[in-house]
Amino acid sequence: MLGNIKMNEDQKESIKKLEEIIIYFKRQAINNSRFIPEYDIISRIVNYLKSRTELFDLDFQKIMNIHNEIIDHEHYNGSGWHDFQIRLTRFFREFGYETIWDTETDGIMIKTLPNTT
C-alpha cells in the first residue's frame, strides 16, 4: 500500500502527457464513432486525475476500473490507443505501480512494484 502521495514534478508531467492525447481522440471521435469509447475513458481518467492534489491507493484502483470499462465496448484500438496505454503505464510506474495488460480483453491490472512501500 502506497497510501497518501503528494505529486512530484515527474508525476505531474506523466498526467500532463495523458491530458495531451485527449485532443487526438476528440478529433477522431467526430468522424469515427469507434473512437468515442476511447475518448470517453481517457477524458474521465484525466479529469479524475486533475481533480486530485494527492493520490491514494483507492485512486489508482478507480483509474484502473475506469480504464477497464473499455472491455465492454467495441472501440478503434489503433495506434492512438496504444500510445495512451504507454502513457498510462508510465503514469502508474511514476507512482510505484506495475501494469499488466490483457491483450485479449484490453483490460489492465496493476500491482505495487517491489520496494515501493
Side-chain angles (χ1 to χ4, degrees):
M1 298 288 253
L2 292 176
N4 175 303
I5 300 173
K6 198 86 157 163
M7 288 185 250
N8 66 34
E9 289 307 311
D10 287 338
Q11 294 164 335
K12 290 177 186 175
E13 182 64 23
S14 71
I15 293 170
K16 185 177 177 182
K17 291 291 184 189
L18 286 171
E19 187 174 20
E20 291 170 356
I21 203 166
I22 291 176
I23 296 164
Y24 167 79
F25 282 97
K26 184 176 184 177
R27 267 195 319 252
Q28 297 302 319
I30 292 169
N31 297 317
N32 187 333
S33 63
R34 291 178 64 206
F35 281 93
I36 293 172
E38 295 172 351
Y39 171 68
D40 177 59
I41 298 286
I42 294 168
S43 296
R44 288 174 47 215
I45 288 172
V46 170
N47 288 334
Y48 182 79
L49 289 171
K50 286 170 47 177
S51 74
R52 317 302 291 168
T53 56
E54 296 177 321
L55 294 170
F56 298 85
D57 290 326
L58 288 176
D59 293 314
F60 296 100
Q61 290 295 320
K62 171 113 174 138
I63 294 162
M64 182 185 73
N65 291 340
I66 292 170
H67 173 276
N68 285 347
E69 289 176 21
I70 201 72
I71 293 168
D72 298 328
H73 301 280
E74 183 176 332
H75 63 104
Y76 192 78
N77 200 19
S79 60
W81 184 249
H82 181 67
D83 185 33
F84 167 70
Q85 289 176 323
I86 291 168
R87 293 174 192 221
L88 191 61
T89 297
R90 177 181 176 211
F91 163 79
F92 279 118
R93 183 165 288 281
E94 287 292 336
F95 288 93
Y97 286 93
E98 176 184 4
T99 54
I100 302 153
W101 295 96
D102 183 328
T103 56
E104 288 187 29
T105 66
D106 214 14
I108 184 177
M109 289 182 50
I110 58 170
K111 68 177 186 176
T112 306
L113 288 168
N115 302 319
T116 59
T117 56

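Quick caveat, the model's predicted, so the values are computed rather than measured.
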Original post:
Going through the distances and angles, do Asn68 and Thr105 end up as a side-chain contact (heavy atoms from CB on, under 4.5 Å)?
Top reply: CA-CA 9 Å; Asn68 285 347; Thr105 66; over 6 Å; no

**OP:** Quick one: do Lys12 and Glu9 satisfy salt bridge (charged side-chain N to carboxylate O under 4.0 Å, His left out)? Show the steps, please.
**Re:** CA-CA 5 Å; Lys12 290 177 186 175; Glu9 289 307 311; 3.6 Å; yes

**OP:** Look at the side chain of Asp59 and the backbone N and O of Phe56, then say whether any donor-acceptor pair between them is shorter than 3.5 Å.
**Re:** yes

Subject >> Close side-chain approach of Phe91 and Ile63, heavy atoms under 4.5 Å >> reply: yes

Original post:
Shared ILVMFWY cluster between Tyr76 and Ile66, side chains joined below 4.5 angstrom?
Top reply: yes

Original post:
What do you reckon, are the aromatic ring centroids of Trp101 and His67 less than 6.0 Å apart?
Top reply: yes

**OP:** Let me see the working for Arg87 and Glu20 under side-chain contact (heavy atoms from CB on, under 4.5 Å), right down to the final yes or no.
**Re:** CA-CA 10 Å; Arg87 293 174 192 221; Glu20 291 170 356; 3.9 Å; yes

**OP:** State the CD1-CD1 distance between Ile21 and Ile42, to the nearest 0.5 angstrom.
**Re:** 5.5 Å

Original post:
Which value, rounded to the nearest 0.5 Å, describes the distance between Arg90 atom CZ and Phe95 atom CZ?
Top reply: 10.5 Å

Original post:
Is the side chain of Asn32 donor-acceptor paired with the backbone N or O of Gln28 at a distance under 3.5 Å, no angle test?
Top reply: no

Original post:
CG/Asp106 to CG/Asp72 distance, rounded to the nearest 0.5 angstrom?
Top reply: 11.5 Å

Original post:
Is there a path from Ile36 to Tyr24 through hydrophobic residues (I, L, V, M, F, W, Y) whose side chains come within less than 4.5 Å of each other?
Top reply: no

**OP:** Step by step, work out the side-chain contact (heavy atoms from CB on, under 4.5 Å) result for Glu38 and Ile70.
**Re:** CA-CA 7 Å; Glu38 295 172 351; Ile70 201 72; 4.2 Å; yes

Original post:
Leu113 and Glu98: which non-hydrogen atoms are nearest, and at how many Å?
Top reply: CD2-CB, 3.5 Å

Original post:
Which heavy-atom pair separates Gly107 from Ile71 by the least distance, and what is that distance?
Top reply: CA-CD1, 3.7 Å

Original post:
For Arg93, does the CZ atom sit with more than 12 other heavy atoms under 6.0 Å from it, leaving out its own atoms?
Top reply: no

**OP:** Output the distance between atom CD1 (Ile110) and atom OG1 (Thr112), rounded to the nearest 0.5 Å.
**Re:** 7.5 Å

Subject >> Reference residue His75; test ring-ring contact (aromatic ring centres under 6.0 Å, His included); the match among Phe35, Phe84, Phe25, Trp81 >> reply: Trp81

**OP:** Would you please classify the geometry between the Tyr97 ring and the Phe60 ring as parallel, tilted or perpendicular, with 30° and 60° separating the classes?
**Re:** tilted

Original post:
Measuring from Thr99:OG1 to Leu88:CG, what's the distance to the nearest 0.5 Å?
Top reply: 7.5 Å

Original post:
CG/Leu18 to CG/Asp83 distance, rounded to the nearest 0.5 angstrom?
Top reply: 9.5 Å

**OP:** Indicate, with yes or no, if Ile15 and Tyr48 share a hydrophobic cluster defined by side-chain heavy-atom contacts under 4.5 Å among Ile, Leu, Val, Met, Phe, Trp and Tyr.
**Re:** yes

Original post:
Do you know the tightest heavy-atom contact between Glu94 and Gln11?
Top reply: O-NE2, 3.0 Å

